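On a predicted model such as this, the values are computed, not experimentally measured, just so you know.
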Amino acid sequence: NHENGTARTGSLEKQLTKAKTYIGKALDKFLKFKLTEAEKAELLQLQRELEPAYSSEQLMRIVVKGLELTQRFKEY
């Protein structure tokens with residue numbers, strides 16, 4: 001039902017693939033920033049975890065951790 005925000009476009013697999021693509025692009029972009037070695041290592045680890053991720057819970061964990069790692073780059 002589109003009115004209450006539960007409309008789906010495509011299969012769950014397609015949605016996960018699309019989300020993984022967006023997350024992967026975001027990780028790639030942040031890896032080009034001036035990062036500490038620890039930040040870079042953690043973002044690279046998230047990138048490795050992204051490929052085999054198969055659920056929204058796994059993707060959300062990657063997103064939340066990525067947001068924590070990149071918080072200092074947030075513009076106010």
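Glu68 is not listed as a side-chain neighbour of Gln71, based on a closest heavy-atom distance of 4.5 Å or more.
Atoms NZ and OG1, on Lys18 and Thr21 in that order, are 9.0 Å from each other to the nearest 0.5 Å. Note that CG of Leu69 is 6.0 Å distant from CG of Leu46, once rounded to the nearest 0.5 Å. From Leu59, atom CG reaches atom CD1 of Ile23 across 4.5 Å, with rounding to the nearest 0.5 Å. In this structure, Lys25 NZ and Lys20 NZ are separated by 15.0 Å, a value rounded to the nearest 0.5 Å.
Take Glu42 and apply the side-chain hydrogen bond (donor to acceptor under 3.5 Å, both in side chains) test, not counting sequence neighbours, and it matches Lys65. Under the side-chain hydrogen bond (donor to acceptor under 3.5 Å, both in side chains) criterion, Lys40 pairs with no residue at all, not counting sequence neighbours. Here Tyr22 pairs with nothing under the ring-ring contact (aromatic ring centres under 6.0 Å, His included) rule; sequence neighbours left out.
Linking Ile, Leu, Val, Met, Phe, Trp and Tyr whenever their side-chain heavy atoms come within less than 4.5 Å leaves Met60 and Leu50 in two separate clusters.
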Enumerate, atom names and distances included, each donor-acceptor pair closer than 3.5 Å involving a side-chain atom of residues 28-38, sequence neighbours excluded.
| unit_1 | atom_1 | unit_2 | atom_2 | d |
| --- | --- | --- | --- | --- |
| Asp28 | OD1 | Gln47 | NE2 | 2.4 |
| Thr36 | OG1 | Glu39 | N | 3.0 |
| Thr36 | OG1 | Glu39 | OE1 | 3.4 |

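Using modelled atom types, no side-chain atom of Thr70 and backbone atom of Phe73 make a donor-acceptor pair closer than 3.5 Å. The closest donor-acceptor contact from the side chain of Gln58 to the backbone of Ser55 lies under 3.5 Å.
Screening residues 38-69 for ring pair (Phe, Tyr, Trp, His ring centres under 6.0 Å) gives no qualifying pairs among residues at least two apart or on separate chains.
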